Amino acid sequence: MSNKVHVKTGDQVIVINGKYRGAKGKVLQVAPAEGKVIVEGINIVTKHVKPRQMGEQGGLVKAESALYADKVQLVCPKCGRPTRVGHAAKADGKKDKKRICKKCNAEF
C-alpha cells in the first residue's frame with residue numbers, strides 16, 4: 001500500500017461520497033500511513049471526555065474524525081471546481097515538482 005496522499009494540510013477539499021457528500025472544508029491533518037485526513041467541520045463525532053484534573057469539566061465533546069483520503073477531492077483555488085492533482089516540473093529545471101489543476105492547469 002502506498003503512503004502517498006494527494007492532499008496536504010491547509011488544502012480546500014470537497015467530500016465526494018458518503019454522509020457528508022458535497023461538503024467543503026479545509027484539511028486540518030493528514031495521516032499518510034493510514035491514508036486518512038481530518039477535514040474541518042466534516043465527520044463530526046461525539047466523544048465522552050473524562051475530567052483529568054480536579055475542577056476540570058468532563059462530558060460530551062464534538063470533534064472531527066478522520067475519513068479516508070480517497071473520499072475527498074481537491075478544490076482548485078482558481079476555477080473553484082473539484083479536480084484531480086497533476087504534477088509538472090518547474091520551469092527553472094529544479095527537481096521540485098509543482099501541483100497543477102487537471103481542468104484549468106492552474107498552479108497550487
Side-chain angles (χ1 to χ4, degrees):
M1 185 170 149
S2 177
N3 288 345
K4 283 191 172 186
V5 180
H6 65 284
V7 291
K8 295 181 180 180
T9 304
D11 284 345
Q12 188 75 16
V13 295
I14 188 167
V15 180
I16 56 174
N17 68 354
K19 180 181 174 182
Y20 292 93
R21 181 180 182 178
K24 290 183 182 179
K26 189 172 90 173
V27 176
L28 300 175
Q29 197 173 355
V30 178
E34 300 168 4
K36 294 186 177 187
V37 293
I38 296 177
V39 182
E40 185 177 36
I42 308 293
N43 204 16
I44 303 294
V45 295
T46 305
K47 292 185 176 184
H48 296 264
V49 177
K50 191 173 182 179
R52 295 289 172 198
Q53 295 178 349
M54 198 70 166
E56 189 177 303
Q57 189 79 20
L60 299 173
V61 176
K62 293 189 182 273
E64 291 100 356
S65 182
L67 67 152
Y68 285 105
D70 298 345
K71 293 185 179 232
V72 298
Q73 199 167 20
L74 196 63
V75 175
C76 177
K78 184 180 176 190
C79 62
R81 294 164 38 191
T83 183
R84 292 171 292 138
V85 180
H87 295 281
K90 289 194 175 180
D92 56 2
K94 294 195 177 180
K95 286 188 175 183
D96 296 335
K97 290 192 279 187
K98 60 184 178 183
R99 299 189 306 164
I100 58 167
C101 172
K102 284 281 196 173
K103 295 191 177 182
C104 69
N105 289 329
E107 187 178 333
F108 290 89

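Every value quoted in this text rests on a predicted model; they were computed, and no experiment measured them.
- Looking at every heavy atom in both residues, Ile42 comes nearest to Ala23 through CD1-CB, 3.4 Å.
- Ser65 contributes no side-chain N or O that, together with a main-chain N or O of Asn43, makes up a donor-acceptor pair within less than 3.5 Å.
- One distance of note links CG of Leu74 with CZ of Arg81; it measures 13.5 Å at 0.5 Å rounding.
- With values rounded to the nearest 0.5 angstrom, Lys36 atom NZ is found 8.5 Å from Leu67 atom CG.
- When all heavy atoms of Thr83 and Cys101 are compared, the closest pair comes out as OG1-SG, 3.5 Å.
- Atom NZ of Lys78 sits in a sparse spot, with 12 or fewer heavy atoms from other residues, nucleotides or ligands closer than 6.0 Å.
- The minimum heavy-atom distance linking Gln29 with Thr9 is given by the pair CA-OG1, 4.3 Å.
- Closest heavy-atom contact between Gly41 and Glu64: N-OE2, 3.1 Å.
- Sequence neighbours left out, not one pair with a member in residues 47-60 passes salt bridge (charged side-chain N to carboxylate O under 4.0 Å, His left out).
- Nearest heavy-atom pair across Ile100 and His87 is CG1-N, 4.2 Å.
- A distance of 13.5 Å separates CD in Gln12 from CD in Gln73, rounded to the nearest 0.5 Å.
- Cys76 and Cys104 make their closest contact through SG-SG, 3.6 Å (heavy atoms, listed as atom of the first residue, atom of the second, distance).
- Atom NZ in Lys71 sits 9.0 Å away from atom CD1 in Ile16 (nearest 0.5 Å).
- Within a 6.0 Å sphere centred on NZ of Lys98, heavy atoms belonging to other residues, nucleotides or ligands number more than 12.
- The stretch residues 11-26 participates, sequence neighbours left out, in these salt bridge (charged side-chain N to carboxylate O under 4.0 Å, His left out) pairs: Asp11-Arg99.
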